[in-house]
There are 2 protein chains.
Amino acid sequence: MARSPKTAGKGRKLSNFLCFAVYSANLAFGRAYKPLLDKVGLTYTQYIALVALSDEDEQTVSALGEKLFLESNTLTPILKKLEQMGLIKRHRDPADERQVRLSLTPAGRKLIEQDLGGSLIEATGLGDDFPVVQKTVSELRDNLLRATKADD
Amino acid sequence: MARSPKTAGKGRKLSNFLCFAVYSANLAFGRAYKPLLDKVGLTYTQYIALVALSDEDEQTVSALGEKLFLESNTLTPILKKLEQMGLIKRHRDPADERQVRLSLTPAGRKLIEQDLGGSLIEATGLGDDFPVVQKTVSELRDNLLRATKADD
DNA sequence: GGATTATTAATCGTATCCGATCTAATCGGA
DNA sequence: TCCGATTAGATCGGATACGATTAATAATCC
């Protein structure tokens, strides 16, 4: 794993792994959001997917997958669940039957408007650094994805 | 989700969610490490667990869980797999039969010594900011966990 | 225009995560 | 000492992730 150059050598502690910091921060977010999402009966991933769908109507599964960095093997079950909950609609595109178009139902849109978890900004303890951290972590992600893609 | 105060209001795009940045950065790390870990037949989580175990001998499952922010429901299957691969040993503590003690085998230690993924530091594209990001993300995690624990 | 190739979702198997529950072992107080 | 409470792992069911494969539809090429 990516260790700080500073600590290369003997100390192979978890605290020296950036990947572990990200891994565990992700776990922490999942737990922080859980009480909020439980109220509306959604999981973390389901909510993220719903937010991504609220961005634009009639997206395809692949288009959604690009935003979430996921593919149909992961998304299909989630989307079926969201449809079953009455939050989204799924239908084959008549112009290209291979594609499935996705759109929020009024119920789905209403849920998104609630803006759950805005309150959690406080809990991050980041204050004014919030946007900076967000940007840094996003760039980290993009760099890793680029590097991974590169040596295919 | 935690949006930047700056962007509160209309724009509910994924890029405004810190949790999504962390979520997707974690996915990206998993993919970046995959080719390296495939070589030794380990998964991301299994490797993290092994690193945590290399830190100290004869840890209990709970102690390991505290480091990884995981519990026995998640760890037990992983530890059984690692034992089955001959990388760790599991045995009940004679002094307290409720506890299971964990230790690396020579094979497990040898694998850790290889220091896989040190090469990935480059791919993060962080340069000198590496330690700063690591620290920031770790603190973010700790703040979230603390805030979550607080309202139990 | 018919065969080949490519694309899009869906399906399947494996490995996490997590809440809830269970069992065995230990502890503590009357 | 005896019994209820606590603790440590393990088990189970539901929900992600992901590689590999498949089925259906579209595009392409000769």
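Chain letters run A, B, ... following the sequence lines, proteins first and then strands; every chain starts at 1. Predicted model, so just to flag it, every value in this text is computed and none were measured. These values consider heavy atoms only, across backbone and side chains, with no hydrogens, waters or symmetry-generated copies.
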*asked:* So if I take every side-chain heavy atom of B:Thr45 and compare against D:dA8, C:dC17, C:dA10, which nucleotide ends up nearest?
replied: C:dC17
_Side-chain N or O of B:Arg90 versus OP1/OP2 of D:dA10: is the shortest distance under 4.0 Å?_
yes
*Would you mind reading off the distance between B:Leu50 atom CG and C:dT16 atom P, rounded to a whole angstrom?*
12 Å
*Between P of C:dG19 and CD of B:Glu71, the distance in whole Å*: 7 Å
_Does D:dA24 have OP1 or OP2 under 4.0 Å away from a side-chain N or O of A:Gln99?_
no
*Residue pair B:Thr105 / B:Gly86: nearest heavy atoms and the distance that separates them*: OG1-O, 2.7 Å
_Pair A:Thr148-B:Arg31, side-chain donor/acceptor within less than 3.5 Å_ = no
_Heavy-atom side-chain contact between A:Leu18 and B:Phe29 under 4.5 Å_ = yes
*Is there a donor on the side chain of A:Ser72 or the base of C:dA10 sitting less than 3.5 Å from an acceptor on the other?*
yes
*Could you tell me whether the side chain of A:Val40 reaches within less than 4.5 Å of the side chain of A:Tyr47, counting heavy atoms only?*
no
*Among the candidates C:dA9, C:dA25, D:dG9, find the nucleotide nearest to the side-chain atoms of B:Asp96.*
C:dA25
*Counting side-chain heavy atoms from C-beta on, which of C:dA9, D:dC18, D:dA26 comes nearest to A:Leu70?*
D:dC18
*Determine, for B:Arg101 against B:Asp57, whether the closest basic-nitrogen to carboxylate-oxygen distance falls under 4.0 angstrom.*
no
*B:Arg98 side chain: which of D:dA15, D:dT7, C:dC18 is closest?*
D:dT7
*Where the side chain of A:Glu97 is concerned, which of D:dG9, D:dT25, C:dC18 is the nearest nucleotide?*
D:dT25
*Between A:Lys80 (NZ) and C:dC12 (C1'), how many Å, whole number?*
13 Å
*Is any side-chain N or O of B:Tyr44 closer than 4.0 Å to OP1 or OP2 of D:dC18?*
no
*asked:* Taking any heavy-atom pair under 4.0 Å as a contact, classify B:Gln46: base, sugar-phosphate, or nothing.
replied: sugar-phosphate
_Whole angstrom value for the distance that separates C1' of D:dA8 from NE2 of B:His91_ = 15 Å
_Residue closer to the 5' end of DNA chain D, A:Asp93 versus A:Thr74 (nearest nucleotide)_ = A:Thr74
*Ion pair A:Arg90/A:Glu83, N-O distance below 4.0 Å*: yes
*C:dT16 P sits how many Å from B:Leu79 CG, rounded?*
10 Å
*Is there a donor and acceptor pair, one atom on the side chain of B:Asn73 and one on the base of C:dG19, closer than 3.5 Å?*
yes
*Which residue lies toward the 5' end of DNA chain C, A:Gly30 or B:Lys81, if each is placed at its nearest nucleotide?*
B:Lys81
*Specify the separation, in whole Å, of atom CZ of A:Arg92 and atom C1' of C:dT7.*
12 Å
*Between atom CZ in A:Arg101 and atom P in C:dT8, what is the gap in whole Å?*
11 Å
*asked:* So for A:Thr43 and D:dA15, does any side-chain atom that can act as donor or acceptor lie under 3.5 Å from a complementary atom in the base?
replied: no
*Taking CG from B:Leu75 and C1' from D:dT11, how many angstroms apart are they, rounded to a whole number?*
14 Å
